Amino acid sequence: MIKRCLSAMWILALLLALLNLAEIGKDPKDNIQSEVEDLRLNVNRRRIYFGSDGYLSKILSKQDKHMLREAYDIQEEDVYTFLQGPRSWGEGIPWSGEWALFEINGNRFGGFGCGLCCLANIYDTLSPYEVSPWDMCEYAMRVTDYAPTSSMGAIEWIYMKQTLERCGFTCGLYCKPATYEQFKEQMEGMKSSIVLVSSGADDTYWQGTPGHYVNIWLYRAEDESVFLAEPGNPENNRSRIPLRYVYDALKTVSRFQYLRVEEYLEENNRWKANGIGETWNQP
């Protein structure tokens, strides 16, 4: 990964040097420094600033752009945290969208879309693309056997894994480890994880929750906390919580308790969809 990032930075530096040397009346060294500084300061979840007239955006491939993104650490503000429910949409809360009202066989997305929101969070945060939770629902139905019914809509573990793999991600399904220390070690090296929590296992943080997918990011060792993407609760969405809360609440009656994302490779992405067509409350 380091070699890929360094390679991308050398490509960028070379392009900047060649392009800026062609400009009349300007000091090439000053221009290169300025452009690199602009790039460093303008990395965000949607795009990297590739120069005032966009020439780098036209020259660099998507893979090169992705390698440049990976040269920088993801911060909390970079993480997508979609909401699933109609209340959030009706109140105009950021990260909610009209997908909350869409239905499949009479089953409204707001009642079953937590796992699909988590999948969209991962795809949009870790890849160069942006899709909605509804896009992810339609794609999962197309490439797996996932088929929501009038009474059952939640996506199963195996379909989440299959969908992410077709999107270029390396990931694994896991059962709750015997100790919190083992769980903590796995979370230290993750890109992101989808976890299934239940108040039946522990109600310290989640109450009245028979089973619910949430998405965790950015484990912080100093206080053993994670950044929470909570599709079903806008008050708790985008908050930091103790990792211990997650471990204690893992729903052990399920076949698996969490999905851990390890890597994204652009060349393995067979979807590469981009663009949200639904109306939504952008942050």
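Please read all numbers here as calculations on a predicted model, not as lab measurements. Only this structure's heavy atoms are used, side chains among them; waters, hydrogens and symmetry mates stay out.
- Using a 4.5 Å heavy-atom cutoff, the side chains of Asn121 and Ile194 are not in contact.
- Between Phe169 and Lys161, the closest side-chain pair of non-hydrogen atoms is not below 4.5 Å.
- Between Phe183 and Tyr247, the angle of the ring planes lies from 30° to 60°, which puts this pair in the tilted group.
- Note: Tyr159 and Tyr146 have tilted aromatic rings, judged against thresholds of 30 and 60 degrees for the angle between ring planes.
- Counting only distance, with no hydrogens or angles, the side chain of Ser96 and the backbone of Ser88 share a donor-acceptor pair below 3.5 Å.
- Ring centroids of Trp157 and Tyr213 are separated by less than 6.0 Å, placing the two rings close together.
- Side chain of Arg238 to main chain of Val79: a donor-acceptor pair is present (N/O by atom type, distance under 3.5 Å, no hydrogens or angles).
- With respect to the salt-bridge test (charged N to carboxylate O, under 4.0 angstrom), the residues Glu91 and Arg87 qualify.
- Trp206 and Tyr245 have their aromatic ring centers separated by at least 6.0 angstrom.
- Shown are Tyr123, Phe82, Trp99; of these, the side chain to side chain contact (heavy atoms under 4.5 Å, CB included) with Met136 is made only by Tyr123.
- Nearest heavy-atom pair across Cys114 and Pro231 is O-CG, 3.7 Å.
- A pairwise comparison of heavy atoms in Gly110 and Gln84 identifies O-NE2, 2.9 Å as the closest pair.
- Within the 3.5 Å criterion, the main-chain N or O of Gly232 finds a donor-acceptor partner in the side chain of Glu230.
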